[in-house]
Amino acid sequence: MTAAPFRLGWFGNLTAPNWRSGWSEDATTWTDARFYVDMVRAMERAGFDFMMLEDSLMVPDIYAGTAELELKHAVYAPKLDPVPVVSMLAYATEHIGIVATASTTFYPPYLLARAFATLDHVTRGRVGWNVVTSSEDRAAQNFGMDEIPEHDRRYDVAAEFLEVTTKLWESWTEKAIVADPVSGYYADHTQVNPIHHRGEFFDVRGPLNTPRGPQGKPVICQAGSSPKGRDFAARNADMLLTIPNGLEEMKNYRDDIRERAAEAGRDPDEVKVFFVVAPIVGRTDAEAQAKYEEFLADGQHNFEFQMCNFAATMEIDFSVLDPDLPIPEDVTTNGHQGQFAIWKKVFGDRSIRDAASAMRIASLELIGSPTTIADKMDEAMEYVGGDGFMFLSQPPSRSCISDITEGLCPELRRRGLIRTGFGHRTFRDNLRSF
C-alpha cells in the first residue's frame, strides 16, 4: 500500500435505472425507490461513506427545441425529489451518509433549514446537503423567473443563503430541550432565539421551530469548478465533488481548494475532495475491455445521451452546431462554467460527434479487473494526496453496482484503502475520522 486510506461515495440521482437491456423490471418500478434502497444497503456493506443524490427541476427541451431526446433517454427526467427519499434510505441503513441536492436559487432559506434539520434528526445525524445554485433557464421558469440569474450573482445569493440557514440551525442551542417534569419546562426559551437576519437578498426573523439536529447542521457538499465556485466551496463545504481531467488537474484542484480554505481561516483537512470516476469492472482486464468496446459500439446512443447532458447543464443547444467540427471557441455558458471549460479541453480538436460518442464523464479512466483498478486508484490517491472517489454510473444497474460493491470494494478493503467500519455516530465525524 502506498496511499493513505481514502473514502468512497456514490454520485447518482433518482432517475430510471438501466432499462435498455430489457432484463429488469426496475425500469418501471424504480419510482417506489426500493431499487435505491437495495443500492444504498450494498454500498454501506461495501465500505462507502455516502450516497449523494443529484437533482434538477425541469424537463429539458434545449436540444433542437424539444424534450424528445431528453425523454427518450430519461437523462434528467423523469426524476424523483431526493429530499423526502433521504428518510427512506436512512431508515434502511445504519451508518452511511445520505446527501440530497437542493437549490439556493429556488428554495426559501427557512423551508430548507427546517427540512434538513428534520432530516438530521430522522437520519440520526447522517444527512448532507449538496448546495447548488442551479444553472437552467427552464428551471427558473418553473419558479416565476424568465431566466436564471447571472453565474456569479447566484453564488452571492448562495453565500447569504448559507449564512441564513446556519443561523437558523444555531437558533436552538444544545441546551434548549430540558424536558424537566419538576419545573414543567420542555424547552428553555432563553436557549431559542430569533436570528433577525436582514441582508441583501433575505429577511428572516427566525428562530427555526425545529430543534438543533445531532450534527448541528448537515454535512455541506458542493461542486465548485469556476473561481467563484471554488471560493464558495472552500469557505463553506465539508466535501466537494469535481471532475477534472487526469492526475495533474486532480492534484491542482485539490491543492487549490486546500489553499483557499486555509486563506479563509479553515483547517484544509476538514475539506474533503472527491473525484468523480466511472469504473468499468471485469473479472479480468480482457472482460472489462470487452465491456468498454461494447460501450463504444453504441456510439449514436452515447452521442444523443451526451447532447442531453450538455443541453441540460450548460443550456447550450448543440443541434445548431456542426457535429463534425470541434466545439467553436466562442461558445459560452451561464451554466456550469468551470465544468464546461474542462469538457471543452477534453474534447480538444476532435469533432463534437466523435468526442461525445466516446465520452465517459470521469476524472480518471478506470477500466480493468479489481486488481488493476485498485492499483490505479491507489497510485492516484498517493499522487494527488487524497481524499477519495465518487463513483458515477449513468444510468445505474444492479450488475454495475455489484461489480463495484462485490468485485472492486473487497480488493480495496483487502489493501486497507477504504473503511472497514464506522467508528462514529454522525456522518460529519466519520467523514473527518481519517
Inset, instruction - Test side-chain hydrogen bond (donor to acceptor under 3.5 Å, both in side chains) on Gln306 and Asn309 and set out the steps. - result: CA-CA 5 Å; Gln306 295 304 342; Asn309 263 327; 3.2 Å; yes
Legend entry - Pairs where residues 264-280 contributes a residue and the test side chain to side chain donor-acceptor pair (under 3.5 Å) is met, not counting sequence neighbours: Arg258-Asp269
Inset, instruction - Enter the distance from Met88:CE to Thr123:OG1 here, rounded to the nearest 0.5 Å. - result: 15.5 Å
Legend entry - Phe303 CZ to Phe318 CZ distance, which is reported to the nearest 0.5 Å: 9.0 Å
Inset, instruction - Decide, yes or no, whether a salt bridge links Asp387 with Arg432 under the criterion of side-chain N to carboxylate O below 4.0 Å. - result: no
Legend entry - Step-by-step side chain to side chain contact (heavy atoms under 4.5 Å, CB included) determination, Gln222 to Phe232: CA-CA 9 Å; Gln222 222 272 316; Phe232 178 82; 3.8 Å; yes
Inset, instruction - Answer whether the closest heavy-atom distance between the side chains of Pro78 and Trp30 falls below 4.5 Å. - result: yes
Inset, instruction - Give a yes or no on whether the backbone of Asn18 and the side-chain of Ser397 come within a donor-acceptor separation of less than 3.5 Å. - result: no
Legend entry - Residue pair Asp152, Lys228: steps toward the salt bridge (Lys or Arg N to Asp or Glu O under 4.0 Å) verdict: CA-CA 7 Å; Asp152 285 5; Lys228 189 83 169 182; 5.2 Å; no
Inset, instruction - Start with the C-alpha gap between Met145 and Thr105, add the side-chain angles, then the distance that decides, and say whether side chain to side chain contact (heavy atoms under 4.5 Å, CB included) holds. - result: CA-CA 11 Å; Met145 307 176 190; Thr105 301; 4.2 Å; yes
Inset, instruction - Please confirm whether the backbone N or O of Asn430 pairs with a side-chain atom of His95, one donor and one acceptor, at under 3.5 Å? - result: no
Inset, instruction - In plain terms, say whether Lys72 and Glu68 are close enough for a salt bridge, that is, a side-chain N and a carboxylate O under 4.0 Å apart. - result: no
Inset, instruction - Determine the minimum heavy-atom distance between Ser87 and Val122, stating which atoms define it. - result: OG-CG2, 3.6 Å
Legend entry - Ile62 versus Asp317, closest heavy-atom pair with distance: O-CG, 3.3 Å
Legend entry - Exceeds 12 heavy-atom contacts within 6.0 angstrom, atom CZ of Phe201: yes
Legend entry - Pairs satisfying side chain to side chain donor-acceptor pair (under 3.5 Å), at least one member in residues 52-65, at least two apart: Asn13-Glu54, Glu54-Lys79, Ser56-Lys79, Asp61-Arg138
Inset, instruction - Would you confirm whether Gln191, through its side chain, and Lys175, through its main-chain N or O, come within 3.5 Å as a donor-acceptor pair? - result: no
Inset, instruction - Answer yes or no: are there more than 12 heavy-atom neighbours, outside Asp349 itself, under 6.0 Å from its atom CG? - result: no
Legend entry - Derivation of the ring pair (Phe, Tyr, Trp, His ring centres under 6.0 Å) call for Phe427 and Phe422: CA-CA 9 Å; Phe427 179 18; Phe422 297 83; 9.4 Å; no
Inset, instruction - Taking only Lys NZ, Arg NE, NH1 and NH2, and the carboxylate oxygens of Asp or Glu, determine whether Asp298 and Arg20 approach each other closer than 4.0 Å. - result: yes
Inset, instruction - Using a 4.5 Å cut-off on heavy atoms from C-beta on, say whether the side chain of Met381 contacts that of Phe389. - result: yes
Legend entry - Smallest separation among heavy atoms of Ala102 and Phe116, with atom names: CB-CE1, 4.1 Å
Inset, instruction - Identify which one of Phe48, Phe274, Phe11 satisfies the ring-ring contact (aromatic ring centres under 6.0 Å, His included) criterion when paired with Phe391. - result: Phe48
Legend entry - Whether over 12 other heavy atoms sit under 6.0 Å from Phe143 CZ: yes
Inset, instruction - Please check if the side chain of Arg254 supplies one atom and the backbone of Gly386 the other of a donor-acceptor pair under 3.5 Å. - result: yes
Legend entry - Shortest non-hydrogen separation from Val192 to Ala176 and the atoms involved: CG2-CB, 3.9 Å
Legend entry - SB check Asp324 Arg353 (cutoff 4.0 Å): yes
Legend entry - Closest non-hydrogen atom pair between Leu247 and Val384, with its separation: O-CG2, 4.1 Å
Inset, instruction - Calculate, to the nearest 0.5 Å, the distance between atoms CZ and OG1 belonging to Phe35 and Thr31 respectively. - result: 12.5 Å
Inset, instruction - For residues Leu8 and Asp49, determine if any side-chain heavy atom of one lies less than 4.5 Å from a side-chain heavy atom of the other. - result: no
Inset, instruction - List the atom of Ala77, the atom of Glu70, and the distance in Å for their closest heavy-atom pair. - result: N-OE2, 3.1 Å
Inset, instruction - Keeping the roles fixed (side chain from Asn302, backbone from Ser357), state whether a donor-acceptor pair exists under 3.5 Å. - result: yes
Legend entry - His301/His73 aromatic ring centres below 6.0 Å: yes
Legend entry - Ile401 CD1 to Arg41 CZ distance, which is reported to the nearest 0.5 Å: 13.5 Å
Legend entry - Presence of salt bridge, Arg398 and Glu25, under 4.0 angstrom: no
Legend entry - Heavy-atom donor-acceptor pair, Asn130 side chain to Ile220 backbone, under 3.5 Å: no
Inset, instruction - May I ask you to decide if Leu53's main-chain N or O and Thr101's side chain share a donor-acceptor pair within less than 3.5 Å? - result: yes
Inset, instruction - Taking only Lys NZ, Arg NE, NH1 and NH2, and the carboxylate oxygens of Asp or Glu, determine whether Asp231 and Arg235 approach each other closer than 4.0 Å. - result: no
Legend entry - Non-hydrogen side-chain atoms of Val127 and Val219 separated by less than 4.5 Å: no
Legend entry - Derivation and outcome, side chain to side chain contact (heavy atoms under 4.5 Å, CB included), residues Leu168 and Val204: CA-CA 9 Å; Leu168 288 168; Val204 181; 4.2 Å; yes
Legend entry - Validation row: Thr165, Leu112 side chains within 4.5 angstrom (heavy atoms): yes
Inset, instruction - Inspect the contact between Asp256 and Arg260 and indicate whether a charged nitrogen and a carboxylate oxygen are less than 4.0 angstrom apart. - result: yes
Legend entry - Spatial distance of atom CD1 (Ile243) from atom OG (Ser363) [nearest 0.5 Å]: 6.0 Å
Inset, instruction - Using the side chain to side chain contact (heavy atoms under 4.5 Å, CB included) rule, take Leu89 and Met51 through it: C-alpha gap first, then chi angles, then the decisive distance, then the call. - result: CA-CA 9 Å; Leu89 300 179; Met51 173 189 278; 3.9 Å; yes
Legend entry - NZ/NE/NH1/NH2 to OD/OE distance under 4.0 Å, Glu365 and Arg360: yes
Inset, instruction - Look at the side chain of Arg154 and the backbone N and O of Pro149, then say whether any donor-acceptor pair between them is shorter than 3.5 Å. - result: yes
Legend entry - Test item: Glu147 side-chain N/O and Ala140 main-chain N/O as donor-acceptor pair under 3.5 Å: no
Legend entry - 4.5 Å side-chain heavy-atom contact, Trp129 and Thr104: yes
Inset, instruction - Compare all side-chain heavy atoms of Val157 with those of Phe202 and state whether any distance is below 4.5 angstrom. - result: yes
Inset, instruction - Run the numbers on Glu94 and Arg124 for salt bridge (Lys or Arg N to Asp or Glu O under 4.0 Å), then give the verdict. - result: CA-CA 9 Å; Glu94 291 293 331; Arg124 302 178 302 282; 3.8 Å; yes
Legend entry - Asp354 side-chain N/O to Arg350 backbone N/O, donor-acceptor pair under 3.5 Å: no
Inset, instruction - Calculate, to the nearest 0.5 Å, the distance between atoms CZ and OG1 belonging to Arg153 and Thr133 respectively. - result: 13.5 Å
Inset, instruction - Would you indicate whether the side-chain heavy atoms of Phe50 and Arg126 approach each other to under 4.5 Å? - result: no
